[in-house]
Amino acid sequence: MPRYLPYADMDKILSLSKRRGFVFQSSEIYGGLASTWDYGPLGVELKRNVKEAWWRSVILERDDMVGLDAAILMDPKVWVASGHVENFSDPLVQCRSCNMRFRTDDLTSEACPSCGGELADPRQFNLMFKTFMGPVEDTASEIWMRPETAQGIFVNFPNVVNSTRKKLPFGIGQIGKAFRNEITPGNFTFRTREFEQMEIEFFVKPGTDEEWLQTWVQERFDWYVAHGIRRENLRLRKHESNELAHYAKDCYDIEYRFPWGWAELEGIASRTDFDLRQHQEASGQDMTYFDDSVEEGQDQRYLPYVIEPSGGVDRAVLAFWLDSYDEEPDPASKSSDAVRVVLHLHRELAPVTVAALPLSRNEKLTPTAREVYAKLRKHFNTQYDDAQSIGRRYRRQDEIGTPYCVTIDFDTLEDHQVTIRDRDTMSQSRIPITDLVDVLKDKLEHGW
Ligand code: GAP
């Protein structure tokens, strides 16, 4: 399909977001809480579809993966053992005049970027949020909000092996919230203090980790392309040794060309046996795997190595959304400079899949239109819209990315047929109501 914009303008996305209900500022009526966002009626569907597409592709469609949903609150010893208490920090400097804080790696001069004042010496600032568990704050234990979902997977490794009898290589995937007290959040939903991750810990035999790292890098890159992101807006970047996280031996970032420049969508790290070993030592529990494919007499028990593809749900949503945004000449308009705003979202990600549109609010049309709507919504996320002209309603569906509109007109009352309109080509075809669900299912399966 032709695209007219090389990539979307952030201001346009922000205006569409608020107007159509994708994302709202959190606590907006109180002035808004900085860098926190609420997904509105359309945003929540888009986000659910992104998570669903990930889950289907990495868990349901593979026989070497299982899922998990671990608690956000974990024993504080987890974060000591994982190294987060000691290492999960950013160097931060504070201005002696205005008290603003900055990450040292964001600074371009020795003076405060806000007021020009003198900056104090850098100190480490731990990014984990603390809270209290128990009713009385004095005696309650201090615990952390998880900064990554990964540790919930590591500590459950023996439980999953024992309950599923999975053999190496296999992985555990999880989607869930994570919290980081970021010093410089920003760029809309790109960097926030509360966000969602989609993480895989893939356990392999030591020695096969480099090959599996390459396999997962390719797999995850292809997933973004298969779900609609233009290849030219994605790139891979290998980490320099000085930017590797404290647990990583090697890491690749999948980066997207955001309107403000290339930035990380997902990291695929080689974590060796760092985490399982740390938890084994700290908990005293055996975290090893018994490999019955290894000959007796050789090391049958070992700690597996781990490849970790870890993506942000919010960043993926933003990238799919930005990449699908387009403004095209509007062929339905008499004015030559009229534009049609359209989200060319992958059909599986679109917040609304089908719109049921009676040609008008004429009372003769309404019962049949409602019947068609009731039939469709059992199978698809369907919206009913009968307000304003049909042309305007097509445009409203285009700008939220609805792949198919079904129009019920006066002929429908005679011939029991409806018109399906395709979002991308704007072509229309007439089909019997009895075939509607099957035709749409077929289009959804093969249409992209
Ligand atoms: N378990 C490994 C880990 O957490 P990470 O690179 O720190 O690795 C993984 O985070 C992904 O989580 C990132 O690629 C990004 O998509 C997302 N992410 C991290 N911090 C984020 C933030 N403050 N706001 C939104 N997404 C974030």
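These numbers come from the heavy atoms of this one structure, side chains and all, not from hydrogens, waters or symmetry mates. Numbers here simply count residues along the sequence, with the first being 1. If you're wondering where the values come from, they're calculated on a predicted model, not measured in any experiment. Indexing begins at 1, ligand by ligand and atom by atom, following the structure's order.
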Identify every side-chain donor-acceptor pair in residues 21-28 under 3.5 Å, counting partners at least two apart or on other chains, and give the distances.
residue, atom, partner, partner atom, Å
Gln25, NE2, Leu33, O, 3.0
Glu28, OE2, Lys18, NZ, 3.0

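Every atom of ligand 1 with a heavy atom of Glu182 under 4.0 Å away is listed here by number and element: 20 (N), 22 (C), 23 (N). With ligand atoms numbered from 1 in the order given, ligand 1 contributes 14 (O) to contacts under 4.0 Å with heavy atoms of Glu266. Of all the atoms in ligand 1, the ones that sit under 4.0 Å from a non-hydrogen atom of Gly267 are 14 (O). Here is the list of ligand 1 atoms found below 4.0 Å of a heavy atom in Glu148: 1 (N), 2 (C), 3 (C), 4 (O). In summary, the atoms of ligand 1 found under 4.0 Å from a heavy atom of Arg271, numbered by their order in the structure, are 1 (N), 2 (C). For ligand 1 and Glu308, the ligand atoms under 4.0 Å from any heavy atom of the residue are 1 (N), 2 (C).
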| query | Can you check side chain to side chain donor-acceptor pair (under 3.5 Å) on Gln397 and Arg421, steps first, answer last? | reply | CA-CA 11 Å; Gln397 295 301 330; Arg421 171 193 179 267; over 6 Å; no

| Chi angles and distances behind the ring pair (Phe, Tyr, Trp, His ring centres under 6.0 Å) call for Phe170, Phe202 | CA-CA 6 Å; Phe170 84 94; Phe202 198 78; 7.7 Å; no

| said: I'd like to know whether Ser114 forms a side-chain contact (heavy atoms from CB on, under 4.5 Å) with Cys95, so could you lay out the CA-CA distance, the side-chain angles of the two residues, the decisive distance to 0.1 Å, and finally the verdict. | reply: CA-CA 9 Å; Ser114 176; Cys95 173; over 6 Å; no

| task | In sequence, state the C-alpha distance, the side-chain angles, and the governing distance for Asp442 and His446, and then conclude on side chain to side chain donor-acceptor pair (under 3.5 Å). | result | CA-CA 6 Å; Asp442 189 58; His446 304 111; 3.1 Å; yes

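Arg340 places no side-chain N or O within donor-acceptor distance of the main-chain N or O of Pro329, the cut-off being under 3.5 Å.
The ring pair (Phe, Tyr, Trp, His ring centres under 6.0 Å) contacts involving residues 87-128 comprise His84-Phe88, where partners must be two or more places apart or lie in separate chains.
With a 4.0 Å cut-off on non-hydrogen atoms, Arg193 does not touch ligand 1 at all. Looking at Asp314 against ligand 1, nothing comes within 4.0 Å, counting heavy atoms. With a heavy-atom cut-off of 4.0 Å, Met198 does not touch ligand 1 at all.
Note: no N/O pair closer than 3.5 Å links Gly311 and ligand 1 by distance alone. Considering backbone and side-chain N/O atoms, Glu199 comes within less than 3.5 Å of an N/O atom of ligand 1. Geometrically, ligand 1 and Gly312 share a nitrogen or oxygen pair separated by less than 3.5 Å. Considering backbone and side-chain N/O of Thr192, one or more are found under 3.5 Å from N/O of ligand 1. Taking only nitrogen or oxygen atoms, main chain and side chain alike, Glu201 does not reach within less than 3.5 Å of ligand 1.
Within the model, atoms CD of Glu110 and CD of Glu118 stand 10.0 Å from one another, a figure rounded to the nearest 0.5 Å. Separating the CD1 atom in Ile200 from the CD atom in Glu266 is a distance of 7.0 Å, to the nearest 0.5 Å.
With Tyr302 as reference, Leu168 is the one residue of Leu276, Leu168, Asp273, Thr288 to meet the side-chain contact (heavy atoms from CB on, under 4.5 Å) rule.
At least one heavy atom of Tyr247 sits less than 4.0 Å from an atom of ligand 1.
For atom 20 (N) of ligand 1, the choice among Arg191, Arg180, Gln151 with the nearest heavy atom turns out to be Arg180.
Annotation: atom 10 (O) of ligand 1 to nearest protein heavy atom, Gln197 NE2, 3.4 Å.
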